[in-house]
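Single-structure report; data block below.
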2 protein chains.
Amino acid sequence: MESTVKERSIEIESTGLCTNLGWLLSQANHAMTTEMTARLEGIGLYPRNFCVIQAASQDDRTQTEIAQAIGLDKTTMVTSVDELEAAGLVERVPSVTDRRARIIRVTEQGAAKAAEAKRIIGELQEEILDSLPADQRTALMDGLQTLVGDRLAEPVECGRAVRRRD
Amino acid sequence: MESTVKERSIEIESTGLCTNLGWLLSQANHAMTTEMTARLEGIGLYPRNFCVIQAASQDDRTQTEIAQAIGLDKTTMVTSVDELEAAGLVERVPSVTDRRARIIRVTEQGAAKAAEAKRIIGELQEEILDSLPADQRTALMDGLQTLVGDRLAEPVECGRAVRRRD
DNA sequence: TATTGTTATACTCTATAACTATA
DNA sequence: TATAGTTATAGAGTATAACAATA
(Lines give C-alpha, C1' and ligand atoms only; values in the text may rest on other atoms or scores of the structure.)
Protein backbone atom coordinates (compact mmCIF):
# COMPACT_ATOMS: atom_id res chain seq x y z
CA MET A 1 0.00 0.00 0.00
CA GLU A 2 2.95 2.26 0.75
CA SER A 3 4.36 3.44 -2.53
CA THR A 4 7.08 5.97 -3.16
CA VAL A 5 6.81 8.83 -5.62
CA LYS A 6 9.24 7.15 -7.97
CA GLU A 7 7.34 3.87 -7.90
CA ARG A 8 4.14 5.72 -8.57
CA SER A 9 5.65 7.56 -11.54
CA ILE A 10 7.03 4.37 -13.03
CA GLU A 11 3.71 2.66 -12.57
CA ILE A 12 1.83 5.42 -14.34
CA GLU A 13 4.32 5.54 -17.15
CA SER A 14 4.25 1.83 -17.82
CA THR A 15 0.49 1.87 -18.20
CA GLY A 16 0.40 4.62 -20.80
CA LEU A 17 -1.89 6.58 -18.52
CA CYS A 18 0.49 9.50 -18.23
CA THR A 19 -0.25 10.54 -21.79
CA ASN A 20 -3.99 10.39 -21.21
CA LEU A 21 -5.25 13.91 -20.49
CA GLY A 22 -8.65 12.66 -19.43
CA TRP A 23 -7.25 10.30 -16.86
CA LEU A 24 -4.81 12.91 -15.57
CA LEU A 25 -7.63 15.38 -15.05
CA SER A 26 -9.75 12.76 -13.35
CA GLN A 27 -6.96 11.77 -10.98
CA ALA A 28 -5.95 15.31 -10.16
CA ASN A 29 -9.55 16.34 -9.66
CA HIS A 30 -10.32 13.49 -7.32
CA ALA A 31 -7.22 13.95 -5.18
CA MET A 32 -7.69 17.71 -5.05
CA THR A 33 -11.38 17.51 -4.17
CA THR A 34 -10.66 15.00 -1.44
CA GLU A 35 -8.03 17.25 0.05
CA MET A 36 -10.26 20.31 -0.16
CA THR A 37 -13.06 18.38 1.50
CA ALA A 38 -10.75 17.28 4.29
CA ARG A 39 -9.43 20.77 4.94
CA LEU A 40 -12.80 22.46 4.85
CA GLU A 41 -14.30 19.88 7.18
CA GLY A 42 -13.01 21.87 10.12
CA ILE A 43 -15.15 24.87 9.25
CA GLY A 44 -18.15 22.84 8.12
CA LEU A 45 -18.18 23.71 4.45
CA TYR A 46 -18.24 21.50 1.37
CA PRO A 47 -16.06 22.53 -1.56
CA ARG A 48 -19.13 22.96 -3.71
CA ASN A 49 -20.79 25.26 -1.23
CA PHE A 50 -17.61 27.26 -1.07
CA CYS A 51 -17.91 27.80 -4.81
CA VAL A 52 -21.50 28.89 -4.39
CA ILE A 53 -20.81 31.36 -1.62
CA GLN A 54 -17.80 32.66 -3.49
CA ALA A 55 -19.83 33.21 -6.65
CA ALA A 56 -22.51 34.93 -4.60
CA SER A 57 -20.05 37.25 -2.92
CA GLN A 58 -19.41 39.77 -5.68
CA ASP A 59 -22.52 41.20 -7.30
CA ASP A 60 -26.19 40.52 -6.81
CA ARG A 61 -26.79 37.17 -8.46
CA THR A 62 -29.83 35.00 -8.72
CA GLN A 63 -29.79 31.32 -7.94
CA THR A 64 -29.91 30.37 -11.60
CA GLU A 65 -27.10 32.75 -12.51
CA ILE A 66 -24.85 31.22 -9.90
CA ALA A 67 -25.79 27.69 -10.86
CA GLN A 68 -24.97 28.38 -14.48
CA ALA A 69 -21.66 30.06 -13.65
CA ILE A 70 -20.47 27.12 -11.58
CA GLY A 71 -22.01 24.48 -13.80
CA LEU A 72 -24.52 23.09 -11.34
CA ASP A 73 -27.92 21.64 -12.03
CA LYS A 74 -30.62 23.94 -10.64
CA THR A 75 -31.98 21.24 -8.34
CA THR A 76 -28.51 20.56 -6.98
CA MET A 77 -28.20 24.29 -6.48
CA VAL A 78 -31.31 24.28 -4.29
CA THR A 79 -29.64 21.79 -1.98
CA SER A 80 -26.51 23.91 -1.71
CA VAL A 81 -28.41 27.08 -0.96
CA ASP A 82 -30.59 25.23 1.54
CA GLU A 83 -27.47 24.12 3.39
CA LEU A 84 -25.85 27.53 3.29
CA GLU A 85 -29.04 29.24 4.42
CA ALA A 86 -29.59 26.76 7.25
CA ALA A 87 -26.07 27.58 8.42
CA GLY A 88 -26.88 31.27 8.31
CA LEU A 89 -24.29 32.00 5.67
CA VAL A 90 -26.60 33.26 2.93
CA GLU A 91 -30.15 34.53 2.58
CA ARG A 92 -32.64 34.24 -0.27
CA VAL A 93 -33.76 37.76 -1.08
CA PRO A 94 -36.57 38.22 -3.59
CA SER A 95 -35.39 40.12 -6.64
CA VAL A 96 -37.03 43.50 -7.04
CA THR A 97 -37.01 43.28 -10.83
CA ASP A 98 -38.30 39.72 -11.14
CA ARG A 99 -40.46 38.32 -8.42
CA ARG A 100 -39.75 34.75 -9.48
CA ALA A 101 -36.04 35.09 -8.86
CA ARG A 102 -34.09 35.05 -5.60
CA ILE A 103 -30.91 36.94 -5.05
CA ILE A 104 -28.43 34.99 -2.95
CA ARG A 105 -27.22 37.48 -0.39
CA VAL A 106 -24.15 36.56 1.65
CA THR A 107 -24.58 37.38 5.32
CA GLU A 108 -21.91 38.94 7.49
CA GLN A 109 -21.30 35.54 9.01
CA GLY A 110 -21.16 34.07 5.53
CA ALA A 111 -18.59 36.59 4.38
CA ALA A 112 -16.38 35.73 7.34
CA LYS A 113 -16.73 32.02 6.60
CA ALA A 114 -15.99 32.58 2.93
CA ALA A 115 -12.87 34.55 3.80
CA GLU A 116 -11.69 31.78 6.09
CA ALA A 117 -12.38 29.16 3.44
CA LYS A 118 -10.58 31.21 0.84
CA ARG A 119 -7.55 31.36 3.09
CA ILE A 120 -7.57 27.62 3.65
CA ILE A 121 -8.07 26.73 0.01
CA GLY A 122 -5.56 29.35 -1.09
CA GLU A 123 -2.96 27.85 1.19
CA LEU A 124 -3.62 24.34 -0.09
CA GLN A 125 -3.45 25.53 -3.65
CA GLU A 126 -0.16 27.30 -3.11
CA GLU A 127 1.21 24.21 -1.45
CA ILE A 128 0.23 22.11 -4.42
CA LEU A 129 1.48 24.53 -7.03
CA ASP A 130 4.72 24.92 -5.11
CA SER A 131 5.37 21.24 -5.70
CA LEU A 132 5.79 22.10 -9.36
CA PRO A 133 8.79 23.62 -11.12
CA ALA A 134 8.30 27.39 -11.38
CA ASP A 135 7.63 27.44 -15.11
CA GLN A 136 4.91 24.81 -14.86
CA ARG A 137 3.02 26.66 -12.15
CA THR A 138 1.55 29.56 -14.06
CA ALA A 139 1.36 27.60 -17.28
CA LEU A 140 -0.83 25.00 -15.61
CA MET A 141 -3.23 27.57 -14.23
CA ASP A 142 -3.24 29.53 -17.48
CA GLY A 143 -3.79 26.42 -19.53
CA LEU A 144 -6.67 25.22 -17.39
CA GLN A 145 -8.27 28.66 -17.44
CA THR A 146 -8.02 28.80 -21.20
CA LEU A 147 -9.55 25.37 -21.62
CA VAL A 148 -12.35 25.92 -19.14
CA GLY A 149 -13.15 29.33 -20.60
CA ASP A 150 -13.11 28.08 -24.16
CA ARG A 151 -12.73 24.58 -25.59
CA LEU A 152 -13.98 22.82 -22.47
CA ALA A 153 -16.45 25.50 -21.39
CA GLU A 154 -19.59 23.45 -21.93
CA PRO A 155 -19.99 19.67 -21.87
CA VAL A 156 -20.93 18.34 -25.30
CA GLU A 157 -24.10 16.46 -26.04
CA CYS A 158 -23.77 12.85 -25.05
CA GLY A 159 -26.17 9.97 -25.41
CA ARG A 160 -25.53 8.60 -21.97
CA ALA A 161 -24.95 11.77 -20.01
CA VAL A 162 -22.03 11.87 -17.62
CA ARG A 163 -23.07 12.82 -14.13
CA ARG A 164 -21.22 15.54 -12.42
CA ARG A 165 -19.42 14.85 -9.18
CA ASP A 166 -18.46 17.63 -6.72
CA MET B 1 -28.39 29.20 -23.14
CA GLU B 2 -26.11 30.21 -26.00
CA SER B 3 -23.07 31.90 -24.55
CA THR B 4 -19.98 33.04 -26.37
CA VAL B 5 -16.46 32.26 -25.28
CA LYS B 6 -15.91 35.84 -24.21
CA GLU B 7 -19.08 35.92 -22.13
CA ARG B 8 -18.08 32.67 -20.51
CA SER B 9 -14.63 34.00 -19.65
CA ILE B 10 -16.03 37.17 -18.16
CA GLU B 11 -18.52 35.18 -16.17
CA ILE B 12 -15.86 32.92 -14.74
CA GLU B 13 -13.61 35.84 -13.90
CA SER B 14 -16.28 37.82 -12.09
CA THR B 15 -17.02 34.87 -9.81
CA GLY B 16 -13.46 34.36 -8.68
CA LEU B 17 -13.68 30.79 -9.88
CA CYS B 18 -10.85 31.19 -12.37
CA THR B 19 -8.30 31.29 -9.55
CA ASN B 20 -9.73 28.14 -7.98
CA LEU B 21 -7.62 25.17 -9.05
CA GLY B 22 -10.09 22.68 -7.66
CA TRP B 23 -12.98 24.09 -9.60
CA LEU B 24 -10.91 24.35 -12.77
CA LEU B 25 -9.95 20.69 -12.52
CA SER B 26 -13.53 19.69 -11.83
CA GLN B 27 -14.83 21.62 -14.82
CA ALA B 28 -12.15 20.43 -17.18
CA ASN B 29 -12.55 16.86 -16.02
CA HIS B 30 -16.29 16.83 -16.46
CA ALA B 31 -16.24 18.39 -19.94
CA MET B 32 -13.40 16.13 -21.04
CA THR B 33 -15.01 12.96 -19.71
CA THR B 34 -18.29 13.84 -21.36
CA GLU B 35 -16.57 14.37 -24.68
CA MET B 36 -14.58 11.14 -24.38
CA THR B 37 -17.76 9.27 -23.53
CA ALA B 38 -19.51 10.73 -26.55
CA ARG B 39 -16.70 9.88 -28.93
CA LEU B 40 -16.18 6.36 -27.65
CA GLU B 41 -19.89 5.62 -27.79
CA GLY B 42 -19.51 4.69 -31.43
CA ILE B 43 -17.21 1.79 -30.63
CA GLY B 44 -19.03 0.77 -27.48
CA LEU B 45 -16.39 1.56 -24.89
CA TYR B 46 -16.54 3.63 -21.73
CA PRO B 47 -13.57 5.87 -20.95
CA ARG B 48 -12.89 3.92 -17.80
CA ASN B 49 -12.82 0.61 -19.62
CA PHE B 50 -10.46 2.15 -22.10
CA CYS B 51 -8.11 2.90 -19.23
CA VAL B 52 -8.40 -0.66 -18.02
CA ILE B 53 -7.69 -2.25 -21.38
CA GLN B 54 -4.87 0.18 -21.96
CA ALA B 55 -3.28 -0.65 -18.63
CA ALA B 56 -3.69 -4.35 -19.37
CA SER B 57 -2.06 -4.07 -22.77
CA GLN B 58 1.59 -3.83 -21.81
CA ASP B 59 2.78 -6.50 -19.41
CA ASP B 60 1.01 -9.29 -17.61
CA ARG B 61 -0.95 -7.60 -14.88
CA THR B 62 -3.38 -8.89 -12.33
CA GLN B 63 -6.74 -7.33 -11.71
CA THR B 64 -5.59 -5.73 -8.48
CA GLU B 65 -2.46 -4.32 -10.06
CA ILE B 66 -4.48 -2.65 -12.77
CA ALA B 67 -7.05 -1.35 -10.32
CA GLN B 68 -4.36 0.19 -8.19
CA ALA B 69 -2.58 1.76 -11.15
CA ILE B 70 -5.73 3.45 -12.39
CA GLY B 71 -7.07 4.25 -8.97
CA LEU B 72 -10.16 2.07 -9.06
CA ASP B 73 -11.83 0.25 -6.21
CA LYS B 74 -11.44 -3.50 -6.64
CA THR B 75 -15.19 -4.05 -6.78
CA THR B 76 -15.55 -1.38 -9.45
CA MET B 77 -12.76 -3.11 -11.28
CA VAL B 78 -14.73 -6.36 -11.32
CA THR B 79 -17.53 -4.58 -13.17
CA SER B 80 -15.14 -3.17 -15.75
CA VAL B 81 -13.49 -6.51 -16.41
CA ASP B 82 -16.89 -8.21 -16.58
CA GLU B 83 -17.95 -5.79 -19.29
CA LEU B 84 -14.73 -6.11 -21.22
CA GLU B 85 -14.79 -9.87 -20.99
CA ALA B 86 -18.43 -10.08 -22.04
CA ALA B 87 -17.49 -8.03 -25.10
CA GLY B 88 -14.66 -10.45 -25.84
CA LEU B 89 -11.98 -7.81 -25.41
CA VAL B 90 -10.12 -9.38 -22.49
CA GLU B 91 -9.84 -12.74 -20.77
CA ARG B 92 -9.22 -13.64 -17.15
CA VAL B 93 -6.26 -15.98 -17.12
CA PRO B 94 -5.29 -17.64 -13.82
CA SER B 95 -1.82 -16.57 -12.74
CA VAL B 96 0.68 -19.41 -12.70
CA THR B 97 2.53 -18.01 -9.70
CA ASP B 98 -0.53 -17.24 -7.54
CA ARG B 99 -3.67 -19.21 -8.06
CA ARG B 100 -5.79 -16.54 -6.37
CA ALA B 101 -4.86 -13.91 -8.94
CA ARG B 102 -6.12 -13.41 -12.48
CA ILE B 103 -4.05 -11.95 -15.26
CA ILE B 104 -6.10 -9.71 -17.53
CA ARG B 105 -5.14 -10.81 -21.02
CA VAL B 106 -6.17 -8.58 -23.91
CA THR B 107 -7.56 -10.56 -26.81
CA GLU B 108 -6.75 -9.87 -30.45
CA GLN B 109 -10.13 -8.26 -30.79
CA GLY B 110 -9.41 -6.25 -27.65
CA ALA B 111 -6.11 -5.03 -28.98
CA ALA B 112 -7.79 -3.82 -32.15
CA LYS B 113 -10.46 -2.06 -30.15
CA ALA B 114 -7.87 -0.49 -27.88
CA ALA B 115 -5.92 0.78 -30.87
CA GLU B 116 -9.05 2.30 -32.34
CA ALA B 117 -9.94 3.93 -29.03
CA LYS B 118 -6.43 5.24 -28.66
CA ARG B 119 -6.69 6.86 -32.07
CA ILE B 120 -10.03 8.47 -31.21
CA ILE B 121 -8.92 9.74 -27.82
CA GLY B 122 -5.57 10.85 -29.20
CA GLU B 123 -7.31 12.91 -31.84
CA LEU B 124 -9.62 14.51 -29.30
CA GLN B 125 -6.73 15.27 -27.03
CA GLU B 126 -4.71 16.89 -29.79
CA GLU B 127 -7.71 18.93 -30.75
CA ILE B 128 -8.10 20.16 -27.21
CA LEU B 129 -4.43 20.88 -26.66
CA ASP B 130 -4.26 22.65 -30.01
CA SER B 131 -6.75 25.17 -28.65
CA LEU B 132 -3.98 26.30 -26.31
CA PRO B 133 -1.04 28.58 -27.05
CA ALA B 134 1.99 26.44 -27.86
CA ASP B 135 3.84 27.14 -24.62
CA GLN B 136 0.87 26.15 -22.49
CA ARG B 137 0.41 22.80 -24.22
CA THR B 138 3.37 20.84 -22.93
CA ALA B 139 3.45 22.74 -19.67
CA LEU B 140 -0.10 21.69 -18.93
CA MET B 141 0.60 18.02 -19.60
CA ASP B 142 3.90 18.15 -17.73
CA GLY B 143 2.34 19.92 -14.79
CA LEU B 144 -0.52 17.46 -14.52
CA GLN B 145 1.85 14.52 -14.79
CA THR B 146 4.02 15.92 -12.05
CA LEU B 147 1.07 16.50 -9.76
CA VAL B 148 -0.54 13.13 -10.39
CA GLY B 149 2.77 11.32 -9.97
CA ASP B 150 3.65 13.17 -6.80
CA ARG B 151 1.68 15.68 -4.70
CA LEU B 152 -1.70 14.46 -5.89
CA ALA B 153 -0.78 10.80 -6.31
CA GLU B 154 -2.99 9.46 -3.56
CA PRO B 155 -6.17 10.95 -2.12
CA VAL B 156 -5.68 12.00 1.49
CA GLU B 157 -7.64 10.62 4.39
CA CYS B 158 -10.97 12.31 4.66
CA GLY B 159 -13.76 11.92 7.19
CA ARG B 160 -16.50 11.97 4.62
CA ALA B 161 -14.82 10.23 1.71
CA VAL B 162 -15.25 11.71 -1.73
CA ARG B 163 -16.62 9.24 -4.21
CA ARG B 164 -14.84 8.82 -7.44
CA ARG B 165 -16.61 9.47 -10.70
CA ASP B 166 -15.40 8.08 -14.04
C1' DT C 1 -45.95 30.14 -23.52
C1' DA C 2 -41.50 30.35 -21.13
C1' DT C 3 -38.82 30.77 -16.93
C1' DT C 4 -37.55 30.74 -11.64
C1' DG C 5 -37.40 28.05 -8.02
C1' DT C 6 -39.18 24.04 -5.45
C1' DT C 7 -40.43 19.25 -4.33
C1' DA C 8 -40.48 14.45 -4.92
C1' DT C 9 -38.49 10.64 -6.76
C1' DA C 10 -36.26 7.50 -9.74
C1' DC C 11 -31.91 6.05 -11.07
C1' DT C 12 -27.09 5.49 -11.31
C1' DC C 13 -23.22 4.03 -9.41
C1' DT C 14 -19.72 3.66 -5.83
C1' DA C 15 -18.03 1.63 -1.68
C1' DT C 16 -18.87 -1.50 2.35
C1' DA C 17 -19.17 -5.85 4.08
C1' DA C 18 -19.17 -10.58 3.90
C1' DC C 19 -17.55 -14.75 1.59
C1' DT C 20 -14.39 -18.28 -1.05
C1' DA C 21 -10.08 -19.78 -2.37
C1' DT C 22 -5.68 -19.52 -1.98
C1' DA C 23 -1.16 -17.77 0.19
C1' DT D 1 -3.54 -14.39 9.36
C1' DA D 2 -3.59 -11.86 5.07
C1' DT D 3 -4.66 -11.22 0.17
C1' DA D 4 -7.19 -11.90 -4.72
C1' DG D 5 -11.31 -11.87 -6.48
C1' DT D 6 -16.37 -12.15 -6.20
C1' DT D 7 -21.13 -11.15 -4.74
C1' DA D 8 -24.78 -8.64 -2.67
C1' DT D 9 -26.35 -4.54 -0.96
C1' DA D 10 -26.67 -0.32 1.27
C1' DG D 11 -26.02 4.38 0.60
C1' DA D 12 -24.89 8.84 -1.50
C1' DG D 13 -26.17 12.04 -4.59
C1' DT D 14 -27.43 13.63 -9.23
C1' DA D 15 -30.86 14.39 -12.69
C1' DT D 16 -35.74 13.92 -14.27
C1' DA D 17 -40.26 15.26 -14.06
C1' DA D 18 -43.99 17.65 -12.42
C1' DC D 19 -45.64 21.77 -10.10
C1' DA D 20 -46.48 26.84 -8.49
C1' DA D 21 -45.72 31.53 -9.14
C1' DT D 22 -44.55 34.93 -12.16
C1' DA D 23 -42.94 36.88 -16.64
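Basis for what follows: all heavy atoms, side chains included, without hydrogens, waters or symmetry-related copies. These figures come from a predicted structure and were not determined experimentally. Numbers restart at 1 for each chain; the letters A, B, ... are given by sequence-line order, proteins then strands.
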Just how far, in rounded Å, is P of D:dG13 from CG of A:Asn49?
-> 11 Å
Got a list of protein N/O to nucleotides 21-23 of chain D N/O distances below 3.5 Å?
unit_1, atom_1, unit_2, atom_2, d
D:dA23, OP1, A:Arg99, N, 2.9

Under 3.5 Å, N/O pairs linking protein and nucleotides 7-11 of chain D:
unit_1, atom_1, unit_2, atom_2, d
D:dG11, N2, B:Arg163, NH1, 2.9

Minimum-distance nucleotide to A:Arg165 side chain [options: D:dA15, D:dG13, C:dT16] | D:dG13
Send over the distance from B:Tyr46 OH to C:dT14 P, rounded to a whole Å.
-> 11 Å
Could you check which residues of residues 85-96 of chain B get a heavy atom under 4.0 Å from DNA chain D? Sort them by number, please.
-> B:Arg92
So which nucleotide from C:dA15, C:dT6, D:dG5 ends up closest to the side chain of A:Arg102?
-> C:dT6
For A:Gln136 and B:Thr146, what are the C-alpha separation, side-chain angles and deciding distance, and is it a side chain to side chain donor-acceptor pair (under 3.5 Å)?
-> CA-CA 9 Å; A:Gln136 282 175 21; B:Thr146 307; 3.3 Å; yes
Between A:Asp73 and B:Thr62, name the one whose nearest nucleotide on DNA chain D is closer to the 5' end.
-> B:Thr62
Listed partners of A:Thr138 passing side-chain hydrogen bond (donor to acceptor under 3.5 Å, both in side chains), at least two apart | none
Residues passing the salt bridge (charged side-chain N to carboxylate O under 4.0 Å, His left out) test with A:Arg102, sequence neighbours excluded, are none
Mind checking what makes salt bridge (charged side-chain N to carboxylate O under 4.0 Å, His left out) contact with A:Asp98, not counting sequence neighbours?
-> A:Arg100
Specify the separation, in whole Å, of atom CZ of A:Arg164 and atom P of C:dC11.
-> 24 Å
Kindly point out which of C:dA15, C:dG5, D:dG5 is positioned nearest to the side chain of A:Ala101?
-> C:dG5
Listed by chain and number, what are the salt bridge (charged side-chain N to carboxylate O under 4.0 Å, His left out) partners of B:Glu127, not counting sequence neighbours?
-> A:Arg151, B:Arg39
Give the other cluster members for B:Val93, using side-chain heavy-atom distances under 4.5 Å between Ile, Leu, Val, Met, Phe, Trp and Tyr residues; answer none if it is isolated.
-> B:Ile103
Looking at residues at least two apart in the chain, or sitting in another chain, which of them share a side chain to side chain contact (heavy atoms under 4.5 Å, CB included) with A:Ala28?
-> B:Leu25, B:Leu144, B:Val148, B:Leu152
Can you list the residues that meet the side-chain hydrogen bond (donor to acceptor under 3.5 Å, both in side chains) rule with A:Glu83, with sequence neighbours excluded?
-> A:Asn49
Between the main-chain N or O of A:Glu91 and the side-chain N or O of A:Glu85, is there a donor-acceptor pair closer than 3.5 Å?
-> no
Starting at the 5' end of DNA chain C and moving along, which residue's nearest nucleotide shows up first, A:His30 or A:Lys74?
-> A:Lys74
Whole-Å gap separating C1' (D:dG5) and CZ (B:Arg61) | 18 Å
Value in whole Å for how far the C1' atom of D:dG5 lies from CG of B:Leu72 | 15 Å
Non-neighbouring partners of A:Glu41 that pass side chain to side chain contact (heavy atoms under 4.5 Å, CB included), sequence neighbours left out = B:Cys158, B:Arg160
Please list, chain by chain and in numerical order, all residues satisfying salt bridge (charged side-chain N to carboxylate O under 4.0 Å, His left out) with B:Arg119, sequence neighbours excluded.
-> B:Glu116, B:Glu123
